Every structure is written in C-alpha cells, then in structure tokens.
Enquirer: 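Would you mind keeping the following structure in view while I ask a few things?
Counting from 1, the numbers follow the sequence of the chain as shown. Being a predicted model, the structure only gives us computed values, none of them experimental.
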Amino acid sequence: MNIVILAAGQGKRMKSALPKVLQTLAGKPLLQHVLNTALDLQGKSAKTGPIVVVGHGAADVKQFLHIASEQDARFGKVSTALQAEQKGTGHALLQALSKLDVNEPTLVLYGDVPLTSKKTLSKLAKLADGVPGQDSALALLTQNFSNPTGYGRIVRDMDGSVKAIVEEKDASPDQKRIQEINTGIMVLPTNSLKKWLKALRASNAQGEYYLTDVIAMAVKDGVPIRTAQADSEYETVGVNSRDQLASLERVYQLNQANVLMDAGVCLADPARIDIRGTLECGTDVFIDVGCVFEGCVTLASGTKIGPYCIVRNSVIGKNVTIHPYSHIDGAQVGANSLIGPYARLRPGADLANDVHIGNFVEVKNSKIASNSKANHLAYVGDSIVGSRVNIGAGTITCNYDGVNKHQTIIEDDVFIGSDTQLVAPVRVGRGATLGAGTTLTKDAPPNQLTVSRAKQISLQWQRPVKQEKNVVAKKSAPKKVASKKSVKAKK
C-alpha cells in the first residue's frame with residue numbers, strides 16, 4: 001500500500017516558528033506519531049515507506065526525518081515530496097503522484113492527526129480491497145461530531161450512498177446541519193487517483209485544490225465509496241492550535257494511565273501522570289502524582305515512585321522506593337534501594353541492591369555495590385564504589401581537572417567522613433577510614449585512618465563589637481584666641 005502523509009501546512013494558529021507537524025505530543029513530534037502508525041501498518045516487508053509531503057518548514061521536517069532514521073532504521077524508508085506553494089490538499093497529494101505504485105491503493109494521512117490507530121486504518125484498508133492492478137473501492141474515514149463546525153460534511157443521497165464532501169465555507173445552511181464529517185483520511189484506487197488529481201479545479205471560496213473533490217469524480221466514474229468510523233473520536237482529531245494540542249495531550253495521557261491501571265499499576269491520580277515514551281511495570285507498582293516518564297522506563301514489581309519525580313531511560317529494580325522530587329536519567333537501580341528525596345542519578349549510574357542515595361546526592365557514571373550509602377549532600381562521579389561503603393555528608397569526588405575526567409575507586413567497607421574531597425585519580429583501600437574534612441590527593445591505604453587537616457589552634461582575642469548606626473561623633477570645643485587688648489596688657 002502507498003501511504004502519503006500531508007505535512008506541508010504552516011499552522012498559523014500555533015504561533016510558532018516550528019512547523020505544526022513538529023510540535024510535540026507525549027514527547028514526540030506529531031508527525032512521528034503518524035509515521036510510527038504508518039510504518040507499523042506497512043510492516044517490515046514493505047519495499048518503500050511512507051511519502052511525506054513537505055512545504056512550510058521543509059528543511060526542519062527533513063532534518064527531523066534524518067535524525068529519526070539514525071535512531072530507527074525503519075525511518076530510512078521514508079521519502080519526501082515538496083509542495084513549494086500550499087494550494088490545498090489535492091495539490092499536495094499531486095506532488096507525490098510520481099512516487100506512487102499504480103498497482104497498490106493509496107492511503108492518505110495527515111501529519112497533524114496523530115492518534116489514528118493501526119486498527120482503524122487496517123479496517124479502512126480492507127474496505128478498499130480489490131484485484132491488484134485494477135481499480136478497487138474508495139474507502140473514506142468519517143466521524144459523527146455533535147459540533148461539526150469547521151469540518152467538511154459528508155453528503156449522502158436518498159439510499160445513503162456518499163455522493164460528495166462539502167467544505168464548511170462552501171456548505172449551504174442545510175449542509176452545515178449534517179453531523180457526519182470528513183476526517184480527510186481515505187484509501188483511493190491509485191490508477192483513478194492520477195486522473196482525478198489532474199482534473200481538480202480551484203473553483204471554491206478558498207481558491208484551493210481540494211482532495212475532497214475526487215469523491216464526486218469517483219461517484220461519476222461508478223467507483224464504489226465505502227465508509228468506516230474510528231472507535232474513538234480522538235483518533236480523527238487534528239491539531240491546529242495550542243489548546244487543541246493540550247487537549248489531545250490529556251486524552252493521550254489518560255489512555256496511557258488506563259492501560260497501566262488495567263495492568264494492575266496503582267496511580268494516585270490518573271489525570272496527573274505523563275508518559276513520553278514507554279513505561280513497563282511489574283505488579284504492585286505505585287506511582288504518585290505529577291511524575292513524568294520519558295524514553296524507555298521499566299519499573300519492577302513493588303516499586304514506589306513518590307510525587308513529582310522524573311524518570312528517563314532507566315531500569316528500576318524490585319521494591320525500590322524513589323522519594324519525591326528525584327531525577328533519574330539513564331540509570332540502573334538495584335532491588336530494595338532507597339533514592340531521594342531530591343536525588344539525581346545521571347547517565348551511567350549503576351546501583352546494586354540495597355543502595356541508599358539520599359537528599360541532594362548526585363551520582364554520575366559510577367557503579368555502587370550493594371549496601372552502600374550516600375545519604376546527604378554528596379557528589380559521586382566517574383567512580384567505582386564497593387560494598388558497605390558510607391559516604392559522609394558534603395563528600396565529593398573531584399573527577400574533572402578542567403580537561404579530562406578521572407576515576408575514583410573506593411573499595412569495600414570504607415568509611416568516608418563528612419566534607420571530604422577525593423581528588424581523582426585516587427584509590428581508597430578496603431576498610432579505610434577518611435577523617436572528616438580530608439582532601440585526599442594520594443591513595444589511602446586499607447584498614448588505616450587517613451586525615452588531611454590544618455593544625456587546630458586556639459588564640460586569645462576580642463570579638464569585634466558592632467557599632468551603632470547614625471551616631472554623630474562629638475566635636476571638640478574650639479580653642480580660645482586671646483584678644484589684642486589682653487595681649488597688650490600682658491606686655
């Protein structure tokens with residue numbers, strides 16, 4: 001099947017420099033949602049991929065497709081066709097005409113209608129089935145809206161057959177009362193489509209070439225027109241403004257929340273969760289309010305996520321508790337560990353079982369073995385930490401010399417006192433103790449106390465007294481000057 005995605009529009013109501021189809025829903029561009037569904041529908045055996053008709057912001061859309069192809073090989077099959085001037089949907093499809101296989105039907109999708117399901121499109125495609133190489137039926141996706149304002153209306157004859165689609169601006173008062181609308185999504189016989197597109201005329205209020213005009217041509221040519229409707233209205237909703245985008249975002253997130261709850265996940269409030277990727281959960285997982293999950297996240301059984309946490313591309317083990325306001329990014333957390341509150345695990349953080357990472361502790365590109373803990377105000381970067389290690393408050397690994405990163409190795413059973421700096425590269429031997437306030441620049445031997453401090457002294461001194469403000473200094477009395485008479489008298 002040919003699949004053409006119309007994505008050339010500007011989206012003026014978005015009031016954005018970014019093309020409308022690149023606005024994000026659930027962390028992905030609208031166009032990516034459509035492409036994912038289209039590629040799933042075509043399957044791995046398809047020789048060619050979807051054709052994206054680009055126009056406004058074409059360079060940005062092509063750049064997105066290039067980046068997407070580097071992350072997902074399927075996107076390498078996607079090609080583009082340029083609509084240099086935006087003259088309507090029929091004109092847009094005409095730009096892709098030379099890329100279509102005439103032996104296959106053509107499915108038309110829209111880059112700003114992101115949530116149409118594979119199930120719905122498969123149902124529509126079956127309605128258009130015919131003999132390869134010959135014209136088959138035209139299949140049209142329609143929907144009944146209680147408020148159809150702004151949409152093209154499906155006009156049927158007395159026996160219920162579709163005879164035309166009339167756009168809102170061209171509709172009569174009677175036609176505007178029709179509630180069955182055109183979603184724009186259709187499957188067309190490609191042989192006939194080529195003829196119909198070349199016959200389009202811009203004789204309408206907008207002065208554009210409407211793809212919907214091919215419906216009347218199909219009726220005239222005796223091509224059967226069959227219709228189907230999506231299971232849910234949101235599948236057919238397009239995005240033209242910020243409020244529509246926000247509304248569709250909440251619909252998508254609530255659907256994701258319902259899937260999780262059906263699988264046994266406990267959500268404190270299904271209206272306050274955002275999944276911007278994939279989230280896999282075991283049994284008895286609890287997720288509090290305001291949490292965001294990005295990329296690929298796995299939560300094993302018994303995990304509890306506190307409110308307002310962000311978890312991205314991470315694997316969380318069984319019975320882990322992540323306290324509020326923690327950020328987990330590119331990390332692995334072992335079973336029974338405690339994280340946060342206000343903890344940050346950066347990419348490369350690999351925690352074994354029963355590890356405690358407390359408030360305002362940051363871990364980056366480090367392995368921490370079982371039963372170790374850093375409970376407050378610490379930074380562990382580019383390090384290997386053994387088992388049963390205690391990292392005191394205010395401890396940091398000084399891993400960066402301004403040019404290169406260096407590694408710190410802390411062996412098993414080490415106790416690190418508060419406010420310690422480990423200047424990498426450095427090793428702390430098994431069972432060593434580092435006294436509080438130590439700046440470690442050389443390896444610390446095992447089973448010994450290492451201390452690096454200035455000598456403590458006590459001096460007699462007087463603490464300064466705070467002076468009162470606005471105090472005017474007293475002026476000294478002026479000296480008396482002898483008069484000339486008194487001087488003469490002395491003489």
Enquirer: Please round to the nearest 0.5 Å and tell me the distance separating atom CG of Leu141 and atom CG of Leu107.
Expert: 9.5 Å
Enquirer: Give a yes or no on whether Lys77 atom NZ has more than 12 heavy-atom contacts from other residues, nucleotides or ligands under 6.0 Å away.
Expert: yes
Enquirer: Applying side chain to side chain contact (heavy atoms under 4.5 Å, CB included) between Leu121 and each of Thr37, Asp40, Ile3, report the one that passes.
Expert: Thr37
Enquirer: Between Ser337 (side chain only) and Val355 (backbone N and O only), is there a donor and an acceptor less than 3.5 Å apart?
Expert: yes
Enquirer: What pairs meet the salt bridge (charged side-chain N to carboxylate O under 4.0 Å, His left out) rule with one or both residues in residues 329-338, with sequence neighbours excluded?
Expert: Arg312-Asp329
Enquirer: List the steps and the verdict of side chain to side chain donor-acceptor pair (under 3.5 Å) for Ser301 and Thr283.
Expert: CA-CA 5 Å; Ser301 297; Thr283 58; 3.1 Å; yes
Enquirer: Between Thr106, Asp101, Asn103, which is the residue that forms a side chain to side chain donor-acceptor pair (under 3.5 Å) with Asn2?
Expert: Thr106
Enquirer: What pairs with Asp419 under salt bridge (charged side-chain N to carboxylate O under 4.0 Å, His left out), at least two apart in sequence or on another chain?
Expert: none
Enquirer: Donor-acceptor check, side chain of Tyr151 to backbone of Thr183, threshold 3.5 angstrom: yes or no?
Expert: no
Enquirer: How about Tyr400 and Asp382: does a side-chain donor come under 3.5 Å of a side-chain acceptor?
Expert: no
Enquirer: Listed by chain and number, what are the side-chain contact (heavy atoms from CB on, under 4.5 Å) partners of Lys119, not counting sequence neighbours?
Expert: Ser117, Asp231
Enquirer: Could you go through the side chain to side chain donor-acceptor pair (under 3.5 Å) check for Gln83 and His91 one step at a time?
Expert: CA-CA 8 Å; Gln83 185 187 23; His91 180 259; 2.9 Å; yes
Enquirer: Parallel, tilted or perpendicular for Tyr342 and Phe360, by the 30°/60° rule?
Expert: parallel
Enquirer: Once ring pair (Phe, Tyr, Trp, His ring centres under 6.0 Å) is applied, what residue pairs with a partner in residues 264-295 remain, sequence neighbours excluded?
Expert: none
Enquirer: Just how far is it from atom CD1 of Ile316 to atom CG of Leu351, taken to the nearest 0.5 Å?
Expert: 9.0 Å
Enquirer: For His406 and Asp401: C-alpha separation, side-chain torsions, deciding distance, then whether side chain to side chain donor-acceptor pair (under 3.5 Å) applies.
Expert: CA-CA 8 Å; His406 301 281; Asp401 64 7; 2.9 Å; yes
Enquirer: Parallel, tilted or perpendicular: which one describes the rings of Tyr325 and Tyr308, with boundaries at 30° and 60°?
Expert: parallel
Enquirer: Within a radius of less than 6.0 Å around NZ of Lys373, do more than 12 heavy atoms belonging to other residues, nucleotides or ligands occur?
Expert: no
Enquirer: Determine which pairs satisfy salt bridge (charged side-chain N to carboxylate O under 4.0 Å, His left out) with at least one residue from residues 7-34, sequence neighbours left out, and list them in order.
Expert: Lys20-Asp112
Enquirer: Give the minimum heavy-atom separation between Ala352 and Ser370, together with the two atoms involved.
Expert: CB-N, 3.5 Å
Enquirer: Looking at Val34 and Pro114, what are the two nearest heavy atoms and their distance?
Expert: CG2-CA, 3.8 Å
Enquirer: Assess whether side chain to side chain donor-acceptor pair (under 3.5 Å) is satisfied between Asn147 and Thr149, documenting all intermediate values.
Expert: CA-CA 6 Å; Asn147 180 13; Thr149 303; 2.8 Å; yes
Enquirer: Does atom CD of Glu70 have more than 12 heavy-atom neighbours, drawn from other residues, nucleotides or ligands, at distances under 6.0 Å?
Expert: yes
Enquirer: Distance-only criterion, 3.5 Å: show the donor-acceptor pairs between side-chain atoms of residues 274-282 and protein atoms not counting sequence neighbours.
Expert:
unit_1	atom_1	unit_2	atom_2	d
Asp274	OD2	Arg250	NH1	3.2
Arg276	NH1	Glu294	OE2	3.4

Enquirer: For Asp288 and Ala268, work out which heavy atoms get closest and say how close.
Expert: OD1-CB, 3.5 Å
Enquirer: Are any non-hydrogen side-chain atoms of Leu100 and Ile51 less than 4.5 angstrom apart?
Expert: yes
Enquirer: What heavy-atom pair brings Thr236 and Ala230 nearest, and what distance separates the two atoms?
Expert: CG2-CB, 4.1 Å
Enquirer: For the side chain of Ser366 and the backbone of Val363, is there at least one donor-acceptor N/O pair under 3.5 Å apart?
Expert: no
Enquirer: Could you tell me which non-hydrogen atom of Gly437 sits nearest to which non-hydrogen atom of Thr420, and how far apart they are?
Expert: N-OG1, 4.0 Å
Enquirer: Can you see which heavy atom on Leu115 is nearest to which on Glu235, and at what distance?
Expert: O-CG, 3.5 Å
Enquirer: Under 4.0 Å between a Lys/Arg side-chain N and an Asp/Glu carboxylate O for Arg430 and Asp413?
Expert: yes
